[in-house]
Amino acid sequence: MTEADTISSRLARMRERIRAVAVRAGRDPDAVQLLPVSKTFGEAAIREAVAAGARRFGENKAQEMRSKYEPLIDCGIEWVMIGHLQTNKAKDVARIASEIQSLDRMDLAMALDRRLQKEGRAMDALVQIKTSTEPSKYGLPPEELPEFLRRVARETPTLRVRGLMTLAINAPDQDAVRACFRTLRELRDRVREEGIGNVELERLSMGMSGDFEIAIEEGSTEVRIGTAIFGGRVYGDSYYWPEDQAVR
Ligand SMILES: *Cc1c(COP(=O)(O)O)cnc(C)c1O
């Protein structure tokens with residue numbers, strides 16, 4: 001492994017690239033956070049990232065997050081759920097995660113709220129929005145967001161909605177990718193203006209290893225980066241997005 005190939009050097013380089021893109025886009029470089037995505041990577045890799053200053057990590061599967069939680073408890077990690085979550089896995093996320101970015105339906109919000117009440121805690125949440133026409137993407141349809149926010153504010157008091165999250169279309173067409181990110185930002189701006197559900201929606205989690213530059217140009221406040229920090233994954237992404245839904 002060369003120096004340029006360590007997790008800590010890739011993290012440092014990614015932080016620089018994020019800042020550079022933000023500055024080029026006329027944005028405050030401190031306004032774009034990096035969320036390293038550690039899915040499929042084990043304890044050693046995560047400890048290396050922790051040593052390089054990372055504290056929050058995104059995981060796509062509740063079981064995987066749970067299996068990493070105990071062995072890494074000394075690191076003081078804030079685990080962030082970013083993947084599709086089945087309602088029957090809400091318990092683990094309510095116990096372990098510091099926030100969820102893949103809140104996409106009311107029955108999940110209610111399951112999380114029940115568990116969070118039991119744990120006596122609250123959790124930050126981003127609402128995942130489906131901004132792409134791909135049949136494969138999870139997420140709430142944009143037009144359903146206002147009513148969803150009203151219901152969350154009313155019915156699930158332990159969830160504090162802080163913003164929106166999306167996955168762009170997985171396609172070489174940069175304009176199509178940009179359109180997804182723009183849809184998310186414009187939706188946020190509209191809902192904000194209307195003051196729906198009394199939430200700020202200050203955060204926009206959008207952008208991954210392959211499209212984070214476009215996402216920052218379109219207003220991302222947080223990019224979720226796996227491959228560019230930890231390297232390629234052993235499992236194909238169909239492991240994370242079931243075969244009939246596989247896109248990445
Ligand atoms: C895996 C994953 C990412 C990171 O993807 P990379 O292309 O490896 O950077 C971002 N968001 C979600 C929801 C993911 O599951």
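Basis for what follows: all heavy atoms, side chains included, without hydrogens, waters or symmetry-related copies. Each ligand, and each atom within it, is numbered from 1 in the order the structure gives.
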Pairs where residues 183-194 contributes a residue and the test side chain to side chain donor-acceptor pair (under 3.5 Å) is met, not counting sequence neighbours: R185-E218
For I225, the ligand 1 atoms whose distance to one of its heavy atoms is below 4.0 Å: 9 (O)
Within reach of ligand 1, part of Q101 (heavy-atom separation under 4.0 Å): neither
Per-atom contacts of ligand 1 with S209, taking only distances under 4.0 Å to non-hydrogen atoms: 6 (P), 7 (O), 8 (O), 9 (O)
Pairwise salt bridge (Lys or Arg N to Asp or Glu O under 4.0 Å) hits with a residue in residues 17-33, at least two apart: R17-E213, R19-D30, R24-E217
Distance-only N or O hit between ligand 1 and G226, under 3.5 Å: yes
Heavy-atom side-chain proximity of C75 to R47 below 4.5 angstrom: yes
More than 12 heavy atoms of other groups within 6.0 Å of M110 CE: no
Atom indices of ligand 1 within 4.0 angstrom of T227 heavy atoms, with elements: 6 (P), 7 (O), 8 (O), 9 (O)
Partner of S205 under side-chain hydrogen bond (donor to acceptor under 3.5 Å, both in side chains), chosen from Q101, E99, E222: Q101
Ligand 1 versus N60: contacting region, heavy-atom distance under 4.0 Å: side chain
Transitive ILVMFWY side-chain link I82 to L159, under 4.5 Å: no
Nearest candidate to atom 2 (C) of ligand 1, where distance is taken over non-hydrogen atoms, out of M208, M14, K39: K39
